[in-house]
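Beneath this line is the structure, given in structure tokens, with notes to follow.
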Amino acid sequence: MPTLYVRKSGSDSNSYAQAQSPATAWLTIGKALTSAVSGDTVYIGAGIYRETVTVAMTSATSETSIIGDVDGSHTGDVGEVRWTGYTTDDKTAPSTSVTLNLAGRDYLTFRNIVFVGSGPSS
């Protein structure tokens with residue numbers, strides 16, 4: 001299965017085929033979790049990803065891996081991969097949506113990603 005890339009220098013207007021190269025990666029994790037297919041591997045370059053995502057890819061039948069590329073060996077971007085529901089900055093209240101909604105999807109593995117939660121307010 002293909003290897004896909006997400007980088008802070010990417011663009012969500014890139015196609016699935018283009019996202020198979022770090023040079024033409026997607027910009028957001030949301031795009032990857034909407035467009036990836038069962039069995040893909042997604043490498044995420046270093047940076048802060050300020051987004052809330054509902055997984056919309058077709059339910060998997062084989063493991064799909066979403067991996068923070070902290071050493072830069074796949075994307076060229078070295079450093080922490082942080083996914084946060086604080087969509088404006090780290091001081092303004094987080095989104096009232098959950099950071100990651102799996103929407104009943106399975107066979108997803110997340111590695112080397114620091115999650116900063118958000119969720120519905122009471």
### Message
Before you tell me yes or no, could you show the steps for V114 and E80 under side-chain contact (heavy atoms from CB on, under 4.5 Å), namely the whole-Å CA-CA distance, both residues' side-chain angles and the distance that decides it to 0.1 Å?
### Response
CA-CA 8 Å; V114 175; E80 180 180 76; 3.5 Å; yes
### Task
Looking only at non-hydrogen atoms, find the nearest pair between S95 and S97 and report the distance.
OG-N, 3.0 Å
### Query
Which atoms form the tightest heavy-atom contact between D40 and P2, and what is the distance?
OD1-CD, 3.2 Å
### Message
Using 0.5 Å steps for rounding, measure from the OH atom of Y5 to the CD atom of Q20.
### Response
9.0 Å
### Minimum side-chain heavy-atom gap Y49-I113 below 4.5 Å
no
### Query
Short question: side chain of T84, backbone of Y86 - any donor-acceptor pair under 3.5 Å?
yes
### Message
Nearest 0.5 Å, please: how far is CZ in F115 from CZ in R82?
### Response
13.0 Å
### Message
I'd like to know if the side chain of E51 reaches the main chain of T87, judged simply by a donor and an acceptor atom lying under 3.5 Å from each other, with no hydrogens or angles considered.
### Response
no
### Task
Just do the side-chain contact (heavy atoms from CB on, under 4.5 Å) check on R50 and D90 with the steps written out, would you?
CA-CA 10 Å; R50 296 183 183 282; D90 289 337; 3.1 Å; yes
### Message
When you measure from the side chain of T92 to the backbone of T88, do you find a donor-acceptor pair of N or O atoms at a distance under 3.5 Å?
### Response
no
### Query
Are the side chain of R7 and the backbone N or O of P22 linked by a donor-acceptor pair below 3.5 Å?
yes
### Message
Quick one, L100 with L33, criterion side-chain contact (heavy atoms from CB on, under 4.5 Å). Give me CA distance, side-chain angles, the key distance, then yes/no.
### Response
CA-CA 10 Å; L100 173 60; L33 292 179; 4.2 Å; yes
### Query
Taking C-beta and beyond as the side chain, do V55 and L108 meet within less than 4.5 Å on heavy atoms?
yes
### Query
Counting only N and O atoms by type, is there a donor-acceptor contact under 3.5 Å from the side chain of R105 to the main-chain atoms of M57?
yes
### Query
Are V42 and I48 co-members of a hydrophobic cluster defined by side-chain heavy atoms under 4.5 Å apart?
no
### Message
Starting from I67, can I reach V6 by hopping between I/L/V/M/F/W/Y residues whose side chains sit under 4.5 Å apart?
### Response
no
### Task
Find the distance between CE (M1) and OG1 (T64) and round it off to the nearest 0.5 Å.
7.5 Å
### Donor-acceptor contact below 3.5 Å, side chain N14 vs main chain A25
yes
### Task
Following the transitive rule for hydrophobic clusters with a side-chain heavy-atom cut-off under 4.5 Å over Ile, Leu, Val, Met, Phe, Trp and Tyr, establish whether Y43 and I29 coincide in one cluster.
no
### Query
So, is the end of the K31 side chain (NZ or CZ) under 6.0 Å from the ring centre of Y16 and within 45° of the ring's axis?
no
### Query
Could you state the interatomic distance from OG1 (T24) to CG (L4), rounded to the nearest 0.5 Å?
10.5 Å
### Approximate separation, where rounding is to 0.5 Å, of D69 CG and I44 CD1
9.5 Å
### Query
From S38 OG over to Y107 OH, what is the distance, rounded to the nearest 0.5 angstrom?
9.0 Å
